[in-house]
Amino acid sequence: MRIVTAKDYDQMSRKASYIVASRVILNPKCVLGLATGDTPKGLYNELVRLFRAGDVDFSGVTTFNLDEYAGLSPENPQSYHSYMEEHLFRHINIPPEHRHIPNGAAQNIGAECRRYEELIEQAHGIDLQILGLGRDGHIGFNEPDVKFEKGTHHVRLTQSTIEANARFFENRDEVPKSAISMGIKTIMSARRILLLASGPEKAEAIRGAVMGAVTPDLPASVLQLHPNATLIVDEAASAEIMRIK
Ligand code: GLP
């Protein structure tokens with residue numbers, strides 16, 4: 001894994017935006033894998049800025065989001081559909097029919113997972129997958145487990161993730177208990193991976209992801225096996241690996 005350090009969150013976001021923008025400039029029809037959470041918000045702001053400056057055109061780009069809460073309709077303000085609309089889609093020119101996010105309101109979740117995997121296949125896979133990192137080392141919603149889940153699947157969220165995500169909801173009871181997420185095989189099949197981490201609460205997970213054993217107990221550790229993975233980490237999140245180095 002290539003490790004790029006950044007001074008702080010803003011610099012991490014800018015460096016990430018240059019990597020994403022360069023992919024789109026070099027391959028205007030590229031397929032991007034997108035993440036949600038607080039971490040990529042700065043990256044999305046920077047991409048909007050580059051778009052407004054006329055430096056990047058997203059009209060040929062296709063996107064696939066990592067995950068969505070089960071039981072939330074796309075219109076729900078807490079859904080990842082709404083998040084993407086607010087932070088990226090409504091500000092840039094990716095055609096609506098090129099944007100894909102699992103449908104959390106699907107009646108048949110299993111069928112929705114299969115449909116999503118097929119869509120990714122039809123698009124010939126993901127060129128660049130952006131990832132954030134859960135405090136427990138999860139990527140997408142692949143929670144610590146005894147095995148790596150392969151394709152897009154229905155996942156039960158851990159208590160730690162429910163608590164971490166409660167900040168986005170009015171109260172804890174409203175946080176969905178399960179989600180649809182790309183699996184580890186889906187993520188590892190992306191041709192390039194860009195993992196972002198910022199803040200002291202990610203330092204422990206970063207240490208495990210970068211220097212620990214590859215184990216489904218810390219899902220991000222599997223990225224050590226990816227041939228083209230880049231981590232951009234700010235000073236606070238890299239504290240543990242810098243101490244050991
Ligand atoms: C959620 C998302 C992940 C994200 C994680 C970390 O669980 N499903 O994709 O990486 O939160 O979020 P944050 O960036 O807010 O710390």
Side-chain angles (χ1 to χ4, degrees), residues 6 8-10 12-13 16-17 20 32-46 63-72 74 76 78-84 86-88 100-104 113 116 126 128-145 149 152-169 172 174-184 186-188 190 193-206 208-210 218-223 229-234 236-239:
D8 54 20
Y9 177 79
D10 289 345
M12 176 201 76
S13 303
S17 74
V20 177
L32 299 178
L34 300 178
T36 51
D38 278 335
T39 309
K41 285 180 183 169
L43 158 64
Y44 295 152
N45 274 339
E46 291 295 325
T63 64
F64 287 93
N65 265 75
L66 278 168
D67 46 16
E68 176 59 287
Y69 289 115
L72 294 194
N76 187 304
Q78 261 70 45
S79 72
Y80 287 163
H81 279 78
S82 299
Y83 170 104
M84 289 311 301
E86 181 184 341
H87 295 289
L88 188 66
H100 306 282
I101 305 178
N103 178 11
C113 294
Y116 203 66
I126 292 167
L128 174 63
Q129 176 66 57
I130 297 158
L131 293 175
L133 182 69
R135 291 163 203 209
D136 56 5
H138 74 245
I139 46 178
F141 268 131
N142 291 275
E143 297 279 25
D145 203 343
E149 280 288 346
T152 300
H153 60 291
H154 188 195
V155 51
R156 187 156 294 283
L157 303 182
T158 61
Q159 202 50 38
S160 134
T161 298
I162 291 171
E163 273 159 30
N165 290 354
R167 66 189 192 279
F168 299 112
F169 292 80
R172 184 169 306 196
E174 284 179 24
V175 188
K177 307 287 181 288
S178 69
I180 296 174
S181 177
M182 281 185 198
I184 294 296
T186 330
I187 294 171
M188 289 294 279
I193 288 187
L194 182 60
L195 172 66
L196 305 180
S198 162
E201 63 283 358
K202 301 293 169 71
E204 193 57 43
I206 281 293
V210 173
L218 202 150
S221 64
V222 77
L223 301 174
T230 302
L231 161 69
I232 310 187
V233 70
D234 73 0
S238 67

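As the structure is a prediction and not an experimental result, all values here were calculated from the model. One-based numbering, in listed order, for ligands and for the atoms of each. When a residue number appears, it is its place in the shown sequence, counting from 1.
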message: So which atom in A205 and which in G134 form the shortest heavy-atom distance, rounded to 0.1 Å?
response: CB-O, 3.8 Å
- prompt: Minimum heavy-atom separation for A190 to Q129, with atom names?
  reply: CB-CB, 3.7 Å
field: Name of the residue among Y83, F169, F168 meeting ring-ring contact (aromatic ring centres under 6.0 Å, His included) with Y69
entry: F169
Side-chain ion pair, K202 and D234, N-O less than 4.0 Å: no
Short N or O separations between ligand 1 and the protein, below 3.5 Å:
unit_1, atom_1, unit_2, atom_2, d
ligand 1, 7 (O), H138, NE2, 2.8
ligand 1, 8 (N), D67, OD2, 2.8
ligand 1, 8 (N), G140, O, 3.2
ligand 1, 10 (O), L133, N, 3.3
ligand 1, 14 (O), D38, N, 3.3
ligand 1, 14 (O), T39, N, 2.9
ligand 1, 14 (O), T39, OG1, 2.4
ligand 1, 15 (O), D38, N, 2.7
ligand 1, 15 (O), R167, NH2, 2.7
ligand 1, 16 (O), K202, NZ, 2.6

In residues 175-184, what donor-acceptor pairs under 3.5 Å come from side-chain atoms, sequence neighbours left out?
unit_1, atom_1, unit_2, atom_2, d
K177, NZ, V175, O, 3.1
S178, OG, H154, NE2, 2.9
S181, OG, F141, N, 3.0

message: Less than 6.0 angstrom separating the ring centers of H100 and F64, yes or no?
response: yes
